[in-house]
> 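Attaching a single structure in structure tokens format; questions to follow.
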Amino acid sequence: MRVVHQASPWRSLFNEHGHLNTMALDAPLQHLFSKTSSPQSSIADAYAWQPSLVETLAHYDLPAWRISQIISDHNAWLYRRAIAQSLEEMQAQGWGTPPVDYCVLMLGSAARYESLLGPDQDNALIIDDYPDHRHVEIDGYFQALGERFTQHLDEAGIPLCRGHVMARWPMWRKRISEWQAQLEIWSADRRVKRVQQTNILLDFSPIAGNSGLAAQLGDSIAAILPNAALYMDEMAALLNELPVALNRFGQLASSPHLEAPHEQAINLKLQGLLPLISAARLFCLRYGLRHIATRERLIALSHTEDGHKVDALTSAESALLIAAFERLQHRLLDQQRYNRTRGQAADGWVDLRRLREDQRLLLKFDLQQIRSFVQRAKSG
């Protein structure tokens, strides 16, 4: 079979007369625009279009961390469509308009704008304060909204969270004052489950409604959590639950408690990205930094913020960790794209057999930097 190598669009940027050839540059995107711009296209159609978008962006030689941001932008748009569709349905069925202000939050990788292929849902809902005697009426409205938009996303291909971290459940749907009280409860002691739930909430991004409510939540987090000594200690201790994919000899190795698909597979999401993300989150909370995206957190940890120097990392250390983060995203996205071509799941596992020796050495180096960073986070 003859293999045809498709030229990069950047090599067509200039025509033979030296003029910009914009038609050649955006040609790979044109067929995608026609599929997603139609007002009749469903949320499911738009989500099914996403892998084609990723392949096109890869054709443009975009780095994986930038593609991840664009995937996240697209997912945010899908969220907004699902919410708007749900509100329209409720209006048509006599529910009326939202009785008070609200804000839907994306959580986790979506909130950090670090989504790769195959995400599930993680979301929450902040409701503006209202009198207790209206609880059945108002919470009933937002329960219906949460159930509808999460169901629309599930039907489109973004599955419901198996851990029930969604606005359809009371745990993740509260008045702003209740969220503030919840933070006080979760941070009052060293209960593992409470700290884990708080960690989920720390990575949030407003997606629909009144973003001022999300700002109030951010103020509460900044005021409560850094001063909760037991909570902060347990947050650091939980990093022990996220060992990087290195054995005690410093060689690449999957953790024994993970059920690897084969002996040459490592879960780079659980044993690479998540330790880095979690350590950066902890450091930023200690220093009162409100950044959400991991790259922004790593940058902020070595820069001057609000007039004072944050010296958690040197500029060189920050650069090394950012490079490691970007390369891990590249490895994961490359594996996910490879899996999809073979009808396999786009998950967090990476097959070491697909890596050259230099790629293995670089991966080991990156994981060593991450392990060192995690150790510093644990020690305070």
Side-chain angles (χ1 to χ4, degrees), residues 105 107-109 111-112 122 124 126 129 163-165 170-172 174-205 213-244 270-271 273-314 317-318 321 325 369-380:
L105 305 177
L107 305 176
S109 60
R112 297 189 303 270
D122 289 301
I126 308 173
D129 283 329
H164 305 297
V165 181
M171 174 67 76
W172 300 98
K174 302 179 190 297
R175 285 176 278 188
I176 182 62
S177 59
E178 292 172 327
W179 276 118
Q180 293 161 347
Q182 187 74 75
L183 284 168
E184 295 277 9
I185 294 169
W186 281 349
S187 63
D189 52 32
R190 294 192 60 156
R191 296 192 191 181
V192 172
K193 186 64 176 177
R194 289 180 175 179
V195 177
Q196 290 172 330
Q197 289 168 329
T198 311
N199 283 348
I200 293 170
L201 185 63
L202 288 180
D203 293 354
F204 71 89
S205 178
L213 292 169
Q216 290 183 53
L217 178 64
D219 291 340
S220 297
I221 289 171
I224 295 169
L225 296 188
N227 299 313
L230 293 176
Y231 165 82
M232 295 296 289
D233 286 347
E234 185 62 26
M235 190 175 176
L238 280 176
L239 290 174
N240 290 320
E241 306 296 319
L242 296 169
V244 299
L270 291 179
Q271 295 191 267
L273 280 178
L274 283 184
L276 174 58
I277 290 165
S278 299
R281 181 193 299 125
L282 174 56
F283 263 120
C284 282
L285 192 58
R286 281 183 184 146
Y287 282 85
L289 304 176
R290 299 199 185 188
H291 304 276
I292 299 297
T294 304
R295 292 182 84 258
E296 293 176 0
R297 283 171 167 165
L298 294 172
I299 292 169
L301 287 170
S302 66
H303 282 66
T304 300
E305 289 284 325
D306 298 327
H308 68 279
K309 176 69 175 177
V310 177
D311 57 358
L313 295 172
T314 66
E317 290 168 337
S318 173
L321 289 168
F325 174 72
Q369 307 313 303
I370 293 170
R371 184 164 65 179
S372 175
F373 180 52
V374 170
Q375 291 296 331
R376 289 174 59 181
K378 287 193 292 187
S379 64

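Just so you know, residue 1 is the first one in the sequence shown, and it goes up from there. Worth knowing before you read on, the calculation uses all heavy atoms, side chains too, and leaves out hydrogens, waters and symmetry mates.
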> Is there a side-chain contact between L225 and L202, using heavy atoms and a 4.5 Å cut-off?
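Yes - at least one pair of side-chain heavy atoms lies under 4.5 Å apart.
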> Over all heavy atoms of both residues, which pair between A228 and S187 is shortest? Give the atoms and the distance, please.
CB-O, 3.4 Å
> Tell me the closest heavy-atom pair linking L274 and L242, and the distance in Å.
O-CD1, 4.0 Å
> So R191 and E234, do their side chains get closer than 4.5 Å, heavy atoms only?
no
> Can you measure from CD1 (I224) to CG (D219) and round to the nearest 0.5 angstrom?
10.5 Å
> Any heavy-atom pair between the side chains of L301 and C284 that's under 4.5 Å?
yes
> Quick check for you: to the nearest 0.5 Å, what is the distance between Q197 atom CD and M171 atom CE?
4.5 Å
> Has D203 got a side-chain atom pairing as donor or acceptor with N199's backbone, closer than 3.5 angstrom?
no
> Using side-chain heavy atoms (C-beta onward) and a distance below 4.5 Å, is Q180 in contact with I176?
yes
> Once you round to the nearest 0.5 Å, how far does CD of Q196 lie from CH2 of W186?
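Spacing of CD (Q196) from CH2 (W186) equals 11.5 Å.
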> Report the distance from atom CG of L276 to atom CD1 of I370, rounding to the nearest 0.5 Å.
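Result: 4.5 Å between the selected atoms.
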> Heavy atoms, side chains only, cut-off 4.5 Å: are L213 and L217 in contact?
no
> If you compare all heavy atoms of L298 against all heavy atoms of A280, which two are closest, and at what distance to 0.1 Å?
CD2-CB, 4.1 Å
> Report the distance from atom CD1 of I292 to atom CG of L107, rounding to the nearest 0.5 Å.
10.0 Å
> Give a yes or no on whether the backbone of L289 and the side-chain of R297 come within a donor-acceptor separation of less than 3.5 Å.
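Not a single qualifying donor-acceptor pair exists.
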> Taking all non-hydrogen atoms of both residues, which atom of A377 and which atom of L239 are closest, and how far apart?
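Heavy-atom minimum between the residues: CB-CD1, 3.7 Å.
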> Keeping E317 on the side-chain end and T314 on the backbone end, is there a donor-acceptor pair under 3.5 Å?
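Here the side-chain-to-backbone pair exists.
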> From R190 CZ over to D233 CG, what is the distance, rounded to the nearest 0.5 angstrom?
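Between R190 CZ and D233 CG, I get 5.0 Å after rounding to 0.5 Å.
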> Give me the ring orientation class for F283 and F373: parallel if the planes are under 30° apart, tilted from 30 to 60°, perpendicular past 60°.
parallel
> Checking side chain to side chain contact (heavy atoms under 4.5 Å, CB included) against W172, which of D122, L105, L201, I126 comes through?
L201
> Would you mind reporting whether L282 and M232 have side-chain heavy atoms less than 4.5 Å apart?
yes
> Please confirm whether the backbone N or O of A312 pairs with a side-chain atom of R376, one donor and one acceptor, at under 3.5 Å?
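Yes, R376 side chain to A312 backbone: donor-acceptor pair under 3.5 Å.
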> With a 4.5 Å heavy-atom cut-off, do V192 and E241 have their side chains touching?
no
> Looking only at heavy atoms, which two atoms of A215 and R290 are closest? And how far apart?
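The answer is O-NH1, 4.5 Å.
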> What are the two closest heavy atoms between R112 and R281, and how far apart are they?
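It is NH1-NH2, 3.9 Å.
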